[in-house]
Every structure is written in structure tokens, then in C-alpha cells.
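Reading through the C-alpha cells given below for one structure.
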Protein chains: 2
Amino acid sequence: MGKRHVSLKDLAKELNVSISTVSRALKDHPDISNALRTKIKKLAAERNYSPNPLAMGLLKQATRMIGIIVPDLVSHFYSSIISGIESVAADKGYFVVIANSNERYEKEKESIENLLKARVEGLIVCMSCETSDTAHFRQLVQKGIPLVMFDRVCLPNLIPAVVADNAEASQKIIQHFYDRGYRRIAYVSGPEQMNISQERLLGYRAGLKACSLEPDPALVEFCDLSFESAKAAMKRLLQLANPPDAVYGINDTVAFGLMNAIKEAGLRIPEDTGVVGFTDEFHSTVVSPPLTSITHPTFEMGQKTAELFFKHLNSDVPPETIVLKTQLIERLSSSK
Amino acid sequence: MGKRHVSLKDLAKELNVSISTVSRALKDHPDISNALRTKIKKLAAERNYSPNPLAMGLLKQATRMIGIIVPDLVSHFYSSIISGIESVAADKGYFVVIANSNERYEKEKESIENLLKARVEGLIVCMSCETSDTAHFRQLVQKGIPLVMFDRVCLPNLIPAVVADNAEASQKIIQHFYDRGYRRIAYVSGPEQMNISQERLLGYRAGLKACSLEPDPALVEFCDLSFESAKAAMKRLLQLANPPDAVYGINDTVAFGLMNAIKEAGLRIPEDTGVVGFTDEFHSTVVSPPLTSITHPTFEMGQKTAELFFKHLNSDVPPETIVLKTQLIERLSSSK
DNA sequence: CTGAAAGCGCTAACAA
DNA sequence: TTGTTAGCGCTTTCAG
């Protein structure tokens, strides 16, 4: 394999100066003579010198790595957010290391430990849908480890976070359905402990009220966020004596599950049943009919999250929650 | 911030023994007395000691990090492959650091440099669609830096790789179209320099021949792999005096672009135009009509790639190319 | 203006 | 059975 990287030592030996001289020259320390500095810099460039981040890390106790934990790597939502995080991290010379909780509480805790062992400087996490106990996050805060959450968050007084304006988005959806003439509007939520489930449910209820629609508990269904369980939830809704004429799904996969069940039941979208999702741009346009949706500004959410992270990494400001405005984009799936 | 991690030194001081004693005890060195060993291990566990990977890396010149470069992070194909890579890397105690070339040649070269600066032990890359010059990869090989490629590969005699059986897959598609009664079969390819474009084109031609269909150069279109350019390519095909009755798209996004153009032209899938893609399971089922496709075993491709990487990391075996069998899954989009 | 030395956390060869 | 020392690559006093 041979030696891959030139060290200060190598350069020093070659020029017959000391290591510290080389080090100083390379960082423009004023004490070094111009002539020597240029000579050293020239050689460094030739030899393709780049400082060993491990050595620096050891010295400065800083790895320039930031850990990200997401419930799922393959969905467009998370990968797009990761892209956003990565873009600002790269600007700051940071790398991101990604761990996947697979929507499992245990794996989430495990990932936190592993990333800490790898000496990330801090964590950005989106909670698994199983997680209801938040002790592990509280512990991180106590240990002074920088932590920022996004989308699925907890402990807002302790942990900085970036979220969508979930309640307001839900209300917009209900209003939109109402304007299009839909009257029995169902909501398929995720697990109850999730903040997004709760907030969107509140918005749903507020929206119904604003439209003077009678809330019917039978029209609120829960699922575990999988395609299959969403489909099952929709089937239950369709079997009601008085089934809904519109349904709102809490995220991408759920929305697709709903559409699938509706089509399988032989109903037409949007004529028989209107559908609105909480989805990103790309997926909304790819399905058929194109899905009206609240679009998450995912890439931007990632960027904002990273910015918040760096803000908290470097100073001791109190936690804040950034709320991103959402946009309802009307497509075919809800235009009766 | 305070000190985050306990070191061997801390443990040694607390027990009044030397650092090396602690080090040895922790790794079950036979020289240490049983009593002392247990005492040390107990304290280490209590204090939550974990070895500092930076120090280890510095010492062993091994970072346990592997760099991945993909053309795009947000597509299901790549994130799923990354998941596969990550799963076997994690088993071996390795982390993956991901860089995104955004389908740009320059960014690809830049990413390689950055990852090397970060001291990854080797690279796994899928080429950007812009890349035709392969000098940067040749250089890596010369420097003895472990490199494995997947899907979009080059220099097979120099670089180990994992690919799908592209030619055979293409042939299966043509045969399938033929069996369903389609006769004017078009192919929308990616940029010509890409190995996948070439191999699938060869398979396409071989398939036509096997079915005794006359190849028509007008039925082969190229695009830059974006949704929009695929759509444009399909529009060109539909404007031919003698337009195709079936079309095969080189990947997910392209297939969706084709479908979109076909629908916009007021044609029906599969009655007027059959469509087959080279797509993953998930996307194929979400679009409408469900898309017949060659399914990439993406997660597995990631795993195989990582296994190949580790094989070459540890020994000096000659480069090999692993060819994964594909599967044609028939769905509605091609069943006239 | 430049060099020597200590120290970041760890291992391994060498002493005792 | 345990301790001492050197060294991985780098920065930073402290001494010239």
C-alpha cells in the first residue's frame, strides 16, 4: 500500500528545516521569512500536502463530523433533507455521517451511541415513529452535546428544531377540500405520540370548525406510516356506513397507500374521493392522478436545520424552533 | 462544553496504574492479573469508556471511513444502494461518508479530492453521466487507493465493479414487448459515453434481431437522464411519421418522463403505447399505470459492492466485475 | 526568524 | 505482571 500522504515531517526533512517552521509557513505566521515561506508553500503544493484531519481532530478535539439520524434513508423526503444539510455542512468544511433508525426506537438509541463513539461533534435527528420516550435526547442535552431536530421533534424547550407549520397546513387542506365541494373529510394520521400526528390533527379539527363541518371521530384513522397500513386504514374508511368523500394523508407513502386502496375499491379520484397529501414536489407529480399536496420545502428544511445546528454548535443561545411555511399546490386529485 | 470523553489516562489515574496496563486489560492481554483486569473493565464500563477513533486512526493510519460518490442523493435508486453499502460497512465497523457529484464531472473530481483529504480508506463510486474522461480513476488505482464502482462503471480491467446484466435485461424487454404484440419498439437512452447506455443499446439491438424486427435508427433517442429531457425525447418519438407503439426507458426518471409525454399527447398506456422501465420496485408500483420494469436489486447491489470493496481493501486480488441478474416484472404498462 | 518540546489518545516494543 | 518510552501528525508555548 505504501505511504499515502505527505506529512509536515516529510516536507521539513526535505527542506532541512524544522517541522514547526513548515507548520508556521503554511499558515502564514508572520515570523517566517518571505523567502522561506514561498519555498515551503511551493513544495507543499508540489507534494500535494494536506493536513491530516485525524491529527487535527486529536489535537483540537474536533472531528468536523456531524451525525444525522433519520428514520429511513430511501424515501425522497429524507434524502432530500440530507442533501440540504450536506450542502451547508460542506460549506463549513464538515462531513455528515448518516445513520438509519429504520423507524425503530432501539436502533435510534443505538445509532446515537455509535455516532458518539465515532466522535461526531453533534447530532441532527428526526425521531423514529416508534419513539415516545425522550430520555435519550434529554441525556444528550445534559451532556452538552449539540443536538438539533427536524420534522419529528420533541422537547422544544430544550432542543432547537425546524418544523413545518403543520397545524396551519392541515387547515389549508380542509379549507381547500371544502372549497372544492367535499364535505366528509377524513384524515389518516401516523402514530399518536408523534408531534406531526398531533399537530396535524389539531389543524384538521380547527379546519373543520372553520368550515362549520361536524367532526366525526370515525373519519380519523391511524396507521404506522407504511404503505400497507395506510391502505388498510383507507379500506376501513371506505367500509363505513357513511364513507368519506375526501381524505388527507399525513405523508408521501401514506398518500400513495390511500390512493391505491381507493383505486382498488373501484372508486375514481377525484370524482368519488378527493385526495390530498403531505408530499414533496417530485412524488406528487409522478403519481396518477397528480396529487394535490402540501409541499414540504425539503431541501430548504435541511439547510435551515444545518444552519441552526452550526449556530448552536458555536454559541450558547437558547433553543428556538423554526417553523417553515408550507404551500398547498393544487393538482388533479382534489378537483372535483 | 467540558470534556466529553474518558480516556485511558483518566482511568489509569483513577486506579493508580499506568496507561498501558489499562490498555492491555481492556483488550484481554494475557499478561494482566485477573483481579486487575476485572477491576479495570468494571471502571471502564462505569465511565462509559470508548476508544478514541481519532487516536486509533492516527496510530494505525486507518480511519474506518469509506467514501461513496453518487451522481444524485435523492433518487430512490442511489439511496437504496447506499443503504445496502451502509449495512455491510456497519457490520465491519466502518462508516460511510457520502458525497454527491450532482451528475457533474467537475464535482466528481472535487469530491474524490475532498474524501481523500478526509482520509477515507477507499472509495465506492458511481460515475456522473457527464464523465467520459477516466484519468482521475486511473490515478486512484495507481496510487493504490481501494476503489470499487457500481452500475455506471469504467476500466473494468483495473477497477472492480458491480453491475446489472444490462444487455440481457434489454433483450428480455424487447422479447416481452414482442410477446405482447408490440412491433415498433423505441429505446430512450442516456448519454452515449455511459456504459449502461451502450450495453443496453447493444441488448436492445440484439433483442430486435432475436425477434426478427427491423432496427430503425429513428427509434433510438438520447436524453440527459432528466425528467424533462426524457419527456422531450418521447415527444420527438411521437412526432415521427411512424411513431413507436412501445418504448423502453433507461431508468426511473426517464421512464416517468416518457409516461408523462405519452399521457400529455392523449395516448393511452398500454393500449396505444407500451412502456417498460429500468426501475426499482417501489416506484414501479406507485405510478399509474403500474410500470412493467426490469427491477434493479438495489439494496443487494449495494451490499455486493461493499463486500467487493472489503475484499479488495484487505488483499491484492485482481479486479473482477460482478454481474447481477435482473428480473422483468410485468405490470399494466405493457399488457396490451 | 527558527527550533525544541510537550501534548492530544492510543499501542507496542522494550525494560524491569 | 506492570511501567516506560517512542511515535502516529499537528499546533503551540517557550527558548534561543
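Every heavy atom of this structure was used, including side-chain atoms; hydrogens, water molecules and symmetry mates were not. Not measured: the values here are computed from a predicted model. Residue numbers start from 1 in every chain, and the chains themselves are labelled A, B, ... in the order their sequence lines are given, proteins ahead of strands.
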- Compute whether any side-chain donor of one residue and acceptor of the other, for A:Asn114 and A:Ser111, lie under 3.5 angstrom apart. no
- Item | Length of the line joining B:Met56:CE and D:dG9:C1', which is rounded to integer Å | 17 Å
- Query: Rounded to whole angstrom units, what separation is found between the CZ atom of B:Arg37 and the P atom of D:dT2?
  - Reply: 10 Å
- Message: I'd like to know if the side chain of B:Arg119 pairs up with that of A:Ser50 as donor and acceptor (distance under 3.5 Å, no hydrogens or angles considered).
- Response: yes
- Message: Among D:dT1, C:dT11, C:dG9, which nucleotide has an atom closest to any side-chain atom of B:Asp31?
- Response: D:dT1
- Message: I'd like to know if B:Ser20 reaches the base of D:dT4 with its side chain, counting only an N/O donor and acceptor under 3.5 Å.
- Response: yes
- Shortest side-chain distance from A:Gln61, nucleotide among C:dC8, C:dT11, D:dG9: C:dC8
- Interatomic distance where CG belongs to B:Leu58 and P belongs to C:dG7 [whole Å]: 17 Å
- Task: Rounded to the nearest angstrom, tell me the gap between atom CG in A:Asp28 and atom C1' in D:dT11.
- Result: 15 Å
- Please evaluate the base of D:dG9 for a donor-acceptor partner in the side chain of B:Arg119 within a cut-off of under 3.5 Å? no
- Thinking salt bridges, do B:Lys60 and B:Glu121 make one under a 4.0 Å N-O criterion? no
- How do A:Leu54 and A:Lys60 order along DNA chain D: which one's closest nucleotide is nearer the 5' end? A:Leu54
- Short side-chain N/O contact to C:dG3 OP1/OP2 from A:Thr21, under 4.0 Å: yes
- Have a look at B:Asn52 and say if it touches a base, only the backbone sugar-phosphate, or nothing, with a 4.0 Å heavy-atom cut-off. sugar-phosphate
- Query: Under 4.0 Å: is that the gap between some side-chain N or O of B:Ser18 and OP1 or OP2 of D:dG3?
  - Reply: yes
- Message: Side-chain N or O of B:Lys9 versus OP1/OP2 of C:dG7: is the shortest distance under 4.0 Å?
- Response: no
- Nearest-Å distance, NE2 (A:His5) to C1' (D:dG9)? 12 Å
- Nearest-Å distance for atom pair CZ/P, residues A:Arg24 and D:dT12: 10 Å
- Item | Between D:dT4 (P) and B:Asn16 (CG): distance, integer Å | 12 Å
- Message: How about NZ on A:Lys117, more than 12 heavy atoms from neighbouring residues, nucleotides or ligands closer than 6.0 Å, or not?
- Response: no
- Heavy-atom side-chain proximity of B:Met127 to B:Glu108 below 4.5 angstrom: yes
- Query: In terms of the nearest nucleotide of DNA chain D, which residue is placed more toward the 5' end: B:Ile19 or B:Ala55?
  - Reply: B:Ile19
- Would you indicate what A:Ile32 reaches in the nucleic acid, counting non-hydrogen atoms under 4.0 angstrom: base, sugar-phosphate, or nothing? sugar-phosphate
- Item | Whole angstrom value for the distance that separates P of C:dC14 from NE2 of B:His29 | 14 Å
